[in-house]
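The block underneath contains the structure these notes are about, expressed in structure tokens.
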Amino acid sequence: MPQGPEEKVEKKKMTAENENAAGKTPLQPSAVYENSAAKAEDNKSSAYLLLLFGVVGMIIMILGIAGVLPIRLSGTTKYMTYGVMSALFLLFIVMGMISMKSYRIFAKKAESENSLRGTMEKWCLSHFEAKKLDEELFEQENGCVSEEAPASVREEWENMPEEEMYFKRVSLMKEKIQKQFLNLDEGFLEHFVDELYGEIFEQ
């Protein structure tokens with residue numbers, strides 16, 4: 001026998017209570033996302049610092065070995081000091097070159113992400129409307145449009161906590177975006193929808 005809207009609402013409440021009793025959180029955001037542009041800038045800064053310290057340090061070591069600097073070390077101490085310090089500064093240079101390579105990779109990826117983000121934002125703003133999304137959610141959750149639902153069901157929906165509504169809306173938006181744009185990174189999508197949410201529902 002098919003369930004009515006009120007029975008569905010009651011079943012959802014019982015399911016949520018059972019999940020909370022079991023210590024579960026049914027609605028959780030995905031992992032923190034850092035965009036490629038930020039990663040590129042971090043790697044660029046690291047590369048410049050490492051290369052600066054490495055090159056300056058190697059110049060100092062060369063001047064020290066050549067006896068130009070007023071530093072007097074003798075015997076084994078001299079070779080150990082200059083050897084260890086030179087190896088350390090050389091490591092800085094190598095790490096700086098690796099960071100610079102990573103910077104170029106992330107910079108290219110950032111250009112691709114920005115282009116994709118612009119296309120996605122244009123599509124979403126032309127297809128997503130707060131009222132229509134909420135109406136679709138109501139129908140999915142209760143099996144009927146709001147005008148046909150009993151007053152108690154509509155009241156239950158209107159009094160739903162904002163946090164729960166947020167996650168329901170985000171889930172629906174992600175589902176629609178994934179159908180339009182395939183193979184999106186989950187972290188990128190989560191970050192994009194979180195930013196887009198304010199433009200649609202908080203205007």
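Start at 1 with the first residue, then count along the sequence. Just so you know, these numbers come straight off a predicted model, no measurement behind them.
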> Would Met58 end up clustered with Val56 when hydrophobic side chains under 4.5 Å apart are linked, directly or stepwise?
Replying inline: yes
> Heavy-atom distance under 4.5 Å between the side chains of Phe92 and Leu52, does that happen here?
Replying inline: no
>> Can you confirm whether Lys176 sits close enough to Gln180 that some side-chain heavy atom of one is under 4.5 Å from a side-chain heavy atom of the other?
In response: no
>> I'd like to check the side-chain contact (heavy atoms from CB on, under 4.5 Å) partners of Leu91; sequence neighbours left out, ordered by chain and number.
In response: Met95
>> Can a donor-acceptor pair be found, under 3.5 Å and without considering hydrogens, that links the side chain of Ser115 to the backbone of Glu111?
In response: no
>> Taking side chain to side chain donor-acceptor pair (under 3.5 Å) as the definition, give me every residue that meets it alongside Lys44, ordered by chain and number, with sequence neighbours left out.
In response: none
> If every non-hydrogen atom of Cys124 is compared with every non-hydrogen atom of Leu196, which pair is closest and at what distance?
Replying inline: CB-CD2, 3.4 Å
> Distance from Phe138 atom CZ to Cys144 atom SG, nearest 0.5 Å?
Replying inline: 5.0 Å
> Quick one: do Arg117 and Glu195 make a salt bridge, cutoff under 4.0 Å?
Replying inline: yes
>> I'd like to know whether CZ of Phe53 has more than 12 heavy-atom contacts from other residues, nucleotides or ligands below 6.0 angstrom.
In response: no
> If you round to the nearest 0.5 Å, how far is CG of Asp134 from CD of Glu139?
Replying inline: 13.0 Å
> Does Val170 offer a backbone N or O that forms a donor-acceptor pair with the side chain of Tyr197 under 3.5 Å?
Replying inline: no
> How would you list, by chain and number, every residue that makes a side-chain contact (heavy atoms from CB on, under 4.5 Å) with Met97, sequence neighbours excluded?
Replying inline: Leu51, Ile93
> Would you say the side chain of Arg169 lies within less than 4.5 Å of the side chain of Ile200, judging by non-hydrogen atoms?
Replying inline: no
> Any side-chain heavy-atom pair from Lys168 and Gln140 closer than 4.5 angstrom?
Replying inline: no
> Just wondering, do Val153 and Trp157 contact through their side chains at under 4.5 Å, heavy atoms?
Replying inline: no
> Given the rule that I, L, V, M, F, W and Y join up when any side-chain heavy atoms are under 4.5 Å apart, are Ile62 and Val55 in one cluster?
Replying inline: no
> Taking only residues at least two apart or on different chains, which pairs with a member in residues 107-135 satisfy ring-ring contact (aromatic ring centres under 6.0 Å, His included)?
Replying inline: Trp123-His127, Trp123-Phe128, Trp123-Phe181
> Do any N or O atoms from the side chain of Asp194 and from the backbone of Glu190 form a donor-acceptor pair under 3.5 angstrom?
Replying inline: no
> What residues form a side-chain contact (heavy atoms from CB on, under 4.5 Å) with Asp185, not counting sequence neighbours?
Replying inline: Tyr33, Phe188
>> When you compare the side chain of Leu133 with that of Glu129, does any pair of heavy atoms fall below 4.5 Å?
In response: no
>> Please report the interatomic distance CD1(Ile65) to CD1(Ile60), rounded to the nearest 0.5 Å.
In response: 12.0 Å
>> Quick check: closest heavy atoms across Ala110 and Ala37, and the distance to 0.1 Å?
In response: CB-N, 3.6 Å
Scan the side chains in residues 100-109 for donor-acceptor partners under 3.5 Å anywhere in the protein, sequence neighbours excluded, and list what turns up.
{"from": "Ser102", "atom 1": "OG", "to": "Ile98", "atom 2": "O", "distance (Å)": "3.2"}

>> As a test of understanding, state which of Glu162, Met165, Met173 forms a side chain to side chain contact (heavy atoms under 4.5 Å, CB included) with Phe201.
In response: Met173
> Do the charged groups of Glu175 and Lys179 touch, with an N to O distance under 4.0 Å?
Replying inline: yes
> When rounded to the nearest 0.5 angstrom, what distance separates CG in Asp42 from OG in Ser36?
Replying inline: 11.5 Å
> What are the two closest heavy atoms between Asn35 and Glu113, and how far apart are they?
Replying inline: CB-OE1, 4.0 Å
> Does some side-chain heavy atom of Glu156 sit less than 4.5 Å from a side-chain heavy atom of Met160?
Replying inline: no
> To the nearest 0.5 Å, what is the distance between CG (Leu137) and CD (Glu135)?
Replying inline: 10.5 Å
> Is there a side-chain contact between Leu88 and Val84 (heavy atoms, below 4.5 Å)?
Replying inline: no
> Are Met61 and Leu63 grouped together when hydrophobic residues (ILVMFWY) are joined by side-chain heavy atoms under 4.5 angstrom apart?
Replying inline: yes
